[in-house]
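When reading the values below, keep in mind they use all heavy atoms of this one structure, side chains included, and skip hydrogens, waters and symmetry mates.
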Amino acid sequence: MMVDKRHPSPGGQGASAAIPLYGFQPPDGTPYGLEVSTVEDFFAQHDDWPWNPPRPGRATFHYLILVTEGELRHDVDHVTRTVSPGQWLWVRPGHAQCWHPPGAARGPFILFEPGVLTAGTARLLAPLTSHEAPAVLSPHPDDAVWLRQTALQLLDEHRALGRRPLDVHHALRRSLLESLLLRLANSPGIAPADLTAGTGRGETYGRFVDALELHFRELHRAADYAELLGCSVRTLSRAARDATGKGVRELIDERRLLEARRLLGGARWDARAVAAHLGFTDPANFGRFFRERTGLTPAAFAAREATNGRER
């Protein structure tokens, strides 16, 4: 399984290294950026890692799980999600995630790098590969059986390595994966309306979004991302403006603010820890940043979320 078991020890709540980033690490012989297994095999192969003790992490690739039996509990961005039979869990690159102890959950487990998708398919899937898309998906009953069968066909083809020429094997796996994702993305009610506007975003903006998810904690300037993507600041700014009507810096700040809200609210981090995690050199600067955009101090926001959580 491509999930690396070599986790560094958490350095405390305030350390940015507390949520490490892991790259795609397929087993020897696995071709290209795609691996398919099952949840039950993952649990069996990893003993008590990574749920005892719980070890959060982030990945540069997608996790996609269909629960066919039992119930799966999984933390995504510091919120515990419960996935029931017929539902899908989608953890996207850059999401903070944490496994819960194994239960009775069973079902296909698909892991893939963004680059395994063709450019045209990636554009069509933009609403569902977006960081803001929901983590738990409930496809329409008319699609559920087809999706399950296709996921199992993908699993079967993945296990058929060596039966066909390697390029044919990979073409079949990618075709099945893309068919599965496109059908899932277009099942009624799956993609929220406010995400569909991103479908036509250009390649530059799409690459920027992917880079932002992985680097928003340490890279905070448009020039940083332009250099990372190999384009000019002007080109990047135009791509962002065309896709969203917003500037690059505004999008960076929105992503940092979203993370701050999640950590202060759902994860109950204190302001100093959040400031360090998001790359602020001074907690006071983080306090001004947060207050200017929410109208609340970090402490006031955290207190409000704690009260709301008790009332729920």
Side-chain angles (χ1 to χ4, degrees), residues 1-3 7 10 18-22 36-43 46 48-112 125 127-141 143-144 147-148 151 180-181 184-185 187-195 213-214 255 258-269 305-306 308-312:
M1 179 66 67
M2 66 187 60
V3 185
H7 281 256
I19 306 181
L21 178 68
Y22 296 108
V36 191
S37 183
T38 65
V39 175
E40 56 269 29
D41 285 347
F42 174 77
F43 288 149
H46 290 81
D48 63 353
W49 176 90
W51 40 82
N52 185 22
R55 293 171 178 169
R58 296 178 295 130
T60 61
F61 49 90
H62 295 269
Y63 283 63
L64 186 63
I65 298 173
L66 167 63
V67 175
T68 58
E69 298 179 30
E71 186 175 84
L72 178 70
R73 299 180 74 234
H74 197 85
D75 288 359
V76 181
D77 279 345
H78 312 288
V79 177
T80 299
R81 322 284 175 152
T82 300
V83 191
S84 301
Q87 293 183 313
W88 295 74
L89 174 72
W90 193 329
V91 184
R92 296 159 182 88
H95 275 152
Q97 62 169 319
C98 188
W99 290 89
H100 282 242
R106 300 175 67 87
F109 185 6
I110 304 166
L111 303 98
F112 64 96
L125 291 171
L128 212 55
T129 56
S130 165
H131 190 87
E132 292 76 20
V136 179
L137 305 173
S138 301
H140 192 276
D143 296 311
L147 289 167
R148 175 174 177 166
L180 172 67
L181 297 180
L184 180 60
S187 188
I190 286 292
D194 61 344
L195 291 176
E213 290 307 320
L214 299 178
R255 185 63 189 90
L258 174 62
E259 189 79 356
R261 292 167 65 97
R262 287 169 170 166
L263 295 176
L264 290 167
R268 303 290 190 264
W269 286 28
E305 292 298 295
N308 291 342
R310 288 192 296 267
E311 291 177 350
R312 287 195 293 268

Original post:
Hey, mind stepping through Leu128 and Arg92 against side chain to side chain contact (heavy atoms under 4.5 Å, CB included) and telling me if it holds?
Top reply: CA-CA 9 Å; Leu128 212 55; Arg92 296 159 182 88; 4.2 Å; yes
Gap separating the [atom1] atom of [X] from the [atom2] atom of [Y], nearest 0.5 angstrom:
X      : Y      : atom1 : atom2 : answer
Leu66  : Thr38  : CG    : OG1   : 11.5 Å
Leu137 : Ser187 : CG    : OG    : 9.5 Å
Trp269 : Leu264 : CH2   : CG    : 10.0 Å
Ile190 : Asp143 : CD1   : CG    : 8.5 Å
Arg58  : Cys98  : CZ    : SG    : 14.0 Å
Leu181 : Thr129 : CG    : OG1   : 9.5 Å

Original post:
Is the side chain of Thr68 donor-acceptor paired with the backbone N or O of Arg106 at a distance under 3.5 Å, no angle test?
Top reply: yes
Original post:
Does Glu69 use its side chain to pair, donor to acceptor, with the backbone of Pro85 at less than 3.5 Å?
Top reply: no
Do [X] and [Y] have side chains that approach each other closer than 4.5 Å (heavy atoms only, starting at C-beta)?
X      : Y      : value
Leu72  : Leu89  : yes
Leu263 : Arg261 : no
Trp88  : Leu184 : yes
Val91  : His74  : yes

Subject >> Tyr63 vs Phe109, ring-ring contact (aromatic ring centres under 6.0 Å, His included): CA-CA, chis, key distance, verdict >> reply: CA-CA 7 Å; Tyr63 283 63; Phe109 185 6; 5.7 Å; yes
Subject >> For Glu213, side chain to side chain contact (heavy atoms under 4.5 Å, CB included) partners two or more places apart >> reply: His131, Arg255
Subject >> Partners passing side chain to side chain contact (heavy atoms under 4.5 Å, CB included) against Ser138 (at least two apart in sequence or in another chain) >> reply: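 For Ser138, the residues satisfying side chain to side chain contact (heavy atoms under 4.5 Å, CB included) (neighbours in sequence not counted) are Gln87.
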Subject >> Contacts of type ring-ring contact (aromatic ring centres under 6.0 Å, His included), residue His62, not counting sequence neighbours >> reply: Trp90, Phe112
Subject >> Set of residues satisfying side chain to side chain donor-acceptor pair (under 3.5 Å) with respect to Thr60, sequence neighbours excluded >> reply: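 Applying side chain to side chain donor-acceptor pair (under 3.5 Å) to Thr60 gives none.
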Original post:
Who passes salt bridge (charged side-chain N to carboxylate O under 4.0 Å, His left out) against Asp77, sequence neighbours left out?
Top reply: Arg262
**OP:** Please name the pair of heavy atoms, one in Phe61 and one in Tyr22, separated by the smallest distance, quoted to 0.1 Å.
**Re:** CE2-O, 4.0 Å
**OP:** I would like to know whether Glu71 and Val83 meet side chain to side chain contact (heavy atoms under 4.5 Å, CB included); could you show each step before the answer?
**Re:** CA-CA 6 Å; Glu71 186 175 84; Val83 191; over 6 Å; no
